[in-house]
Amino acid sequence: MTKKIFAGFPFFLAVFIITSLAADISYYNRVIQRDSDGKNELCYSDFRVFWYASFNLHHHILLDDYYNPPRFIPLWFTSPALRKSVKPIALFNEETKYKLYDTSQEFYHYRYSPFIAFLMMPLTFRNDPGLGLAAWYLILNSLFLVTILLTASAAGASPPVIKTFLLWGIFIGTLRFYLTNIALGQTDIVIAFLCAVLTVAYSKRRDMVAGVCYALVLHFKLFFAPFFLFFIIQRRWRLTLTAVTAWLILLFIPAYWFGPKKMILFIREWFGILSFSVPSQLANPKNQSLIYRFVSAFTHDVRMVYAASFFLCRALLIMLAAGIQKYRRMTERSAGFISQCEIAALIIITLISSPLAWTAHFMPLVIPLGIVLADYFVSKDRVIALLAGGFLLAAGVINTDLTSWIPGIAEIGPGAVSIGAICLLAALIRTLRLHR
């Protein structure tokens, strides 16, 4: 009877919806505050940064084209009086009003490309951050569910009961990352969705689709750039060329409204804010980077941290490429499965070798976790089970409310998620070696 209940997708969907609604309501009330007039105001959160960046970009268009209404009417206020009165209250002074990349902020910086701010402008349509956050939660919940389904379906043909257990395993295994994204209003669920589509497209050699997805990922997080090295080593030229072309096209799409000069200024400010804000946050206790923890034990030179990250990432990528080529010659397993493992390993390598990695950034681990769990439910291999358990313990339990009461646990908290990712990488390698 129990197996029949858990083998049903409707039960999983019901639990997912209830969990999502509970998280949305709880974190919404923490993020959205009410001012003295009863209007919605954003507290300090990551969504606040995204919303105001899009809000300000919105007003760059309105202020620059005040007498001639913008060409894309549905995104804008159509009343001149309303356009004139709308402004971000108690946030920007006259010197920094409507600034997209603001270096005067001590911690909360917008670090994505201008295109992402442009893409999120519909969330600022009614000048109501509360409405924008509600819409953003709906987008994140939907994409998380689709990502789980994509990852589970990509695992291949399995009995319905195993498929359902796979859904549960992926959901529970990445629940911490999901809740962190909802709590902050972060974008890593979107990145996980794009990585899931990239994985499927890459495994089916749909290089143009994979290239566009990868270009979108880079607009969110440039630290996924090492993927390029692996694609070049693997001679996936169409994917690489598509990714570069799509990235440039998306980057300059807002130039239709701003003009090339202002877009070039925005792009320069984007790279400037990255060079300014990323080094300043390396020492943050929330940084889960093992590279930083190791190098900082000997020196606090930011250049040494970057150098160690650069060489480790390149070395791991070259080892991955060489290992995959050798594995292809030794195995009869399908090329699609090997390609999925390639992207899964790329995600893990990029995250564990990054000098700056928040817990929310590890959301794309949903892809390698799905591959490992799908193999375990078939093989019942104990080593995979132990490594998957190590991932769940390090990435999902340590340094949370579940373990905060244990003496000494806080000292191993920073970097624990990266340790869990390494366990997942070992499980992925075991999965490949087990089925030559």
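Heavy atoms only: backbone and side chains are in, while hydrogens, waters and symmetry mates are out.
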Original post:
Is it true that the NZ or CZ of K380 lies under 6.0 Å from the centre of Y376's six-membered ring and within 45 degrees of the ring axis?
Top reply: yes
**OP:** Kindly give the heavy-atom pair with the smallest separation between A154 and Q340, and that separation in Å.
**Re:** O-NE2, 3.1 Å
Check residues 185-192 and write down every donor-acceptor pair under 3.5 Å in which the side-chain atom is one partner and the other belongs to a residue at least two apart or another chain.
{"unit_1": "Q186", "atom_1": "OE1", "unit_2": "Y112", "atom_2": "OH", "d": "3.2"}
{"unit_1": "Q186", "atom_1": "NE2", "unit_2": "D46", "atom_2": "OD2", "d": "2.9"}
{"unit_1": "T187", "atom_1": "OG1", "unit_2": "Y112", "atom_2": "OH", "d": "2.7"}
{"unit_1": "D188", "atom_1": "OD1", "unit_2": "K221", "atom_2": "NZ", "d": "3.4"}

Subject >> Whether W51 side chain and L123 backbone form a donor-acceptor pair below 3.5 Å >> reply: yes
**OP:** Measure the acute angle between the ring planes of W358 and H361, then classify it against the limits of 30° and 60° as parallel, tilted or perpendicular.
**Re:** tilted
**OP:** Could you grab the distance from atom CD1 of I32 to atom OG of S45, nearest 0.5 Å is fine?
**Re:** 7.5 Å
In residues 15-26, what donor-acceptor pairs under 3.5 Å come from side-chain atoms, sequence neighbours left out?
{"unit_1": "T19", "atom_1": "OG1", "unit_2": "V15", "atom_2": "O", "d": "2.8"}
{"unit_1": "S20", "atom_1": "OG", "unit_2": "F16", "atom_2": "O", "d": "2.8"}
{"unit_1": "S20", "atom_1": "OG", "unit_2": "Y178", "atom_2": "OH", "d": "3.1"}
{"unit_1": "D24", "atom_1": "OD1", "unit_2": "N141", "atom_2": "ND2", "d": "3.4"}
{"unit_1": "D24", "atom_1": "OD2", "unit_2": "N141", "atom_2": "ND2", "d": "2.4"}

Subject >> Exercise: identify the closest heavy-atom pair between A427 and I384 >> reply: O-CG1, 4.4 Å
Subject >> Pairwise distance CG(L274) to CZ(R111) - rounded to 0.5 angstrom >> reply: 7.5 Å
Original post:
Do F362 and T180 pass the side-chain contact (heavy atoms from CB on, under 4.5 Å) test, and can you show the C-alpha distance, the side-chain angles, and the key distance before you say yes or no?
Top reply: CA-CA 10 Å; F362 289 83; T180 303; over 6 Å; no
Original post:
Do Q234 and Q325 have side-chain heavy atoms sitting under 4.5 Å apart?
Top reply: yes
Subject >> Closest non-hydrogen atom pair, G169 against L369 >> reply: O-CD2, 4.1 Å
Subject >> Atom pair CG (L138) and CG (L143), whose distance is rounded to the nearest 0.5 Å >> reply: 9.0 Å
Original post:
With distance as the sole test, does S275 use its side chain to make a donor-acceptor pair with the main-chain N or O of G272 at under 3.5 Å?
Top reply: yes
Subject >> Residues forming a side-chain contact (heavy atoms from CB on, under 4.5 Å) with A344, sequence neighbours excluded >> reply: I367, P368, I371, L428
**OP:** Find out whether L216 and F193 are in side-chain contact, i.e. whether some heavy atom of one side chain is under 4.5 Å from a heavy atom of the other.
**Re:** no
**OP:** Could you tell me whether a side-chain N or O of R176 sits under 3.5 Å from a main-chain N or O of A395, the two making a donor and an acceptor?
**Re:** yes
Original post:
How far does CD1 of I291 sit from CG of L356, to the nearest 0.5 angstrom?
Top reply: 12.5 Å
Original post:
Under the side-chain contact (heavy atoms from CB on, under 4.5 Å) criterion, do L373 and W168 qualify, and how do the steps go?
Top reply: CA-CA 10 Å; L373 290 180; W168 283 102; over 6 Å; no
Original post:
Partners of R303 by side chain to side chain donor-acceptor pair (under 3.5 Å), sequence neighbours excluded?
Top reply: D301
Subject >> Heavy-atom closest pair, residues Y292 and P355 >> reply: CB-O, 3.9 Å
**OP:** Have a look at W270 and tell me which of L100, L251, L265 forms a side chain to side chain contact (heavy atoms under 4.5 Å, CB included) with it.
**Re:** L251
Original post:
Partners of S309 by side chain to side chain donor-acceptor pair (under 3.5 Å), sequence neighbours excluded?
Top reply: none
Subject >> Q288 backbone acceptor or donor facing S418 side chain under 3.5 Å >> reply: yes
Original post:
Are any non-hydrogen side-chain atoms of T174 and T147 less than 4.5 angstrom apart?
Top reply: no
**OP:** Could you check F252, W247, F118 and say which one makes a ring pair (Phe, Tyr, Trp, His ring centres under 6.0 Å) with H219?
**Re:** W247
**OP:** Can you establish whether the number of heavy atoms outside F294 located under 6.0 Å from its atom CZ is more than 12?
**Re:** no
**OP:** Give a yes or no on whether the backbone of A152 and the side-chain of K163 come within a donor-acceptor separation of less than 3.5 Å.
**Re:** yes
**OP:** Measure the CG-CZ distance between D207 and F231 for me, rounded to the nearest 0.5 Å.
**Re:** 9.0 Å
Original post:
Any side-chain heavy-atom pair from P129 and L133 closer than 4.5 angstrom?
Top reply: no
**OP:** Report the C-alpha distance between F228 and Y214 in whole Å, list the side-chain angles of each, state the deciding distance to 0.1 Å, and finish with yes or no for ring-ring contact (aromatic ring centres under 6.0 Å, His included).
**Re:** CA-CA 10 Å; F228 271 122; Y214 179 50; 5.0 Å; yes
Original post:
Do C195 and I343 come within less than 4.5 Å of each other through their side chains, counting heavy atoms only?
Top reply: no
**OP:** Identify the two heavy atoms, one from G370 and one from T151, that lie closest to each other, and give their separation to 0.1 Å.
**Re:** CA-CG2, 3.7 Å
**OP:** Check the pair F298 / M304 against side-chain contact (heavy atoms from CB on, under 4.5 Å), numbers first and verdict last.
**Re:** CA-CA 10 Å; F298 304 96; M304 293 299 296; over 6 Å; no
Original post:
Above 12 or not: heavy atoms from other molecules or residues under 6.0 Å from CZ of R206?
Top reply: no
Subject >> For F227, the option from F223, F224, F230 that meets ring pair (Phe, Tyr, Trp, His ring centres under 6.0 Å) >> reply: F224
Original post:
What's the spacing between I349 CD1 and L316 CG if we round to 0.5 Å?
Top reply: 5.0 Å
Original post:
Counting N and O atoms only, with roles assigned by atom type, does the side chain of H109 sit under 3.5 Å from a partner on the main chain of Y101, one being a donor and the other an acceptor?
Top reply: no
**OP:** Go through the steps to decide whether W136 and M120 satisfy the test side-chain contact (heavy atoms from CB on, under 4.5 Å), and finish with yes or no.
**Re:** CA-CA 9 Å; W136 185 235; M120 296 178 70; 4.1 Å; yes
Subject >> Output field: ring centroids F47/Y28 closer than 6.0 Å >> reply: no
**OP:** On the 0 to 90° scale, with breaks at 30° and 60°, tag the F171-F144 ring pair as parallel, tilted or perpendicular.
**Re:** tilted
Subject >> For the student: nearest non-hydrogen atoms of Y202 and A210, plus distance >> reply: N-CB, 4.2 Å
**OP:** Output all residues satisfying ring-ring contact (aromatic ring centres under 6.0 Å, His included) with Y306, sequence neighbours left out; order by chain, then residue number.
**Re:** none
**OP:** Side-chain contact test, heavy atoms from C-beta onward, threshold under 4.5 Å: evaluate it for L317 versus L346 and give yes or no.
**Re:** yes
Original post:
Side chains of R293 and N287: closer than 4.5 Å at any heavy-atom pair?
Top reply: yes
Subject >> I352 vs L290 side-chain heavy atoms within contact, under 4.5 Å >> reply: no
Subject >> Donor-acceptor contact below 3.5 Å, side chain T124 vs main chain M121 >> reply: yes
